[in-house]
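Below is one structure, written out as structure tokens; comments come after it.
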Amino acid sequence: MRSSDFSRQLEGYGLLTAHILYHMPDHPRLLQTFLWQTLDKAPTFPELGRFLQFWERDIEGKLHSVRISHRDLIGPSDWRILDAEFPIH
């Protein structure tokens with residue numbers, strides 16, 4: 001049985017890292033940083049969209065900026081079918 005994370009990677013999900021800068025609620029002129037990682041699917045990034053909606057709805061710190069990086073963990077070049085057999089004694 002495959003893990004759900006592995007299944008998602010086979011469906012095209014990759015590692016998303018979001019570097020979020022936000023204004024501190026008690027000191028709005030100061031910026032705080034927050035790093036968040038999850039598996040997400042480029043180019044639409046539905047998980048990131050849900051997280052940012054949650055942030056704006058439930059967290060007091062106003063967003064300043066979000067910088068993202070994304071890397072596919074499994075891709076076509078990672079899988080090869082071999083047509084050979086190498087017996088060992």
Side-chain angles (χ1 to χ4, degrees):
M1 199 159 134
R2 302 187 300 197
S3 73
S4 62
D5 285 344
F6 182 68
S7 297
R8 291 178 74 193
Q9 290 173 30
L10 289 176
E11 294 169 4
Y13 282 74
L15 182 64
L16 169 82
T17 302
H19 180 232
I20 300 169
L21 285 176
Y22 65 96
H23 297 274
M24 294 183 67
D26 295 338
H27 305 283
R29 297 180 76 183
L30 295 177
L31 293 176
Q32 182 73 16
T33 187
F34 180 76
L35 286 177
W36 183 69
Q37 287 187 325
T38 190
L39 290 178
D40 210 348
K41 192 168 189 174
T44 57
F45 301 112
E47 300 295 328
L48 177 63
R50 281 191 283 278
F51 180 74
L52 294 178
Q53 287 174 356
F54 161 77
W55 186 291
E56 290 180 342
R57 183 183 63 242
D58 295 336
I59 297 179
E60 294 180 21
K62 185 179 177 217
L63 291 174
H64 176 270
S65 61
V66 178
R67 187 175 56 198
I68 64 170
S69 59
H70 183 265
R71 173 74 174 136
D72 289 330
L73 299 175
I74 295 178
S77 64
D78 296 335
W79 295 93
R80 290 182 285 171
I81 298 174
L82 298 177
D83 289 335
E85 184 176 321
F86 303 102
I88 300 175
H89 300 297

For L48, is there any backbone N or O sitting under 3.5 Å from a side-chain donor or acceptor partner on D40? yes

Grab the two heavy atoms, one from P25 and one from G61, that are nearest each other, plus how far apart they are. CG-N, 3.8 Å

Just how far is it from atom CG of L63 to atom CD of E56, taken to the nearest 0.5 Å? 5.5 Å

Spacing of NE2 belonging to H64 relative to OG1 belonging to T33, to within rounding of 0.5 Å: 11.5 Å

Determine whether F34 and L21 make a side-chain contact, defined as any pair of heavy atoms from C-beta on separated by less than 4.5 Å. no

Consider only side-chain N and O atoms of T17 and Q37, and report whether a donor and an acceptor are under 3.5 Å apart. yes

Over 60° means perpendicular and under 30° means parallel, so classify the ring planes of F51 and W55, tilted if in between. perpendicular

Is I59 linked to I20 within one hydrophobic cluster, defined over Ile, Leu, Val, Met, Phe, Trp and Tyr using a side-chain heavy-atom separation of less than 4.5 Å? yes

When you measure from the side chain of H23 to the backbone of P28, do you find a donor-acceptor pair of N or O atoms at a distance under 3.5 Å? yes

Rounded to the nearest 0.5 Å, how far does OG of S65 lie from NE2 of H19? 7.5 Å

Output for pair (L39 CG, L16 CG), nearest 0.5 Å, gives 9.0 Å

Determine whether F54 and L52 make a side-chain contact, defined as any pair of heavy atoms from C-beta on separated by less than 4.5 Å. no

Heavy-atom pair with the smallest gap, counting every atom of Y13 and K41: CD2-N, 3.6 Å

Counting only heavy atoms not in R71, do more than 12 sit closer than 6.0 Å to its CZ atom? no

Hey, quick one: are Y22 and V66 part of the same hydrophobic cluster, counting side-chain heavy atoms closer than 4.5 Å, chains of contacts allowed? yes

Look at E11 together with R8 and state whether they make a salt bridge at an N to O cut-off of under 4.0 Å. no

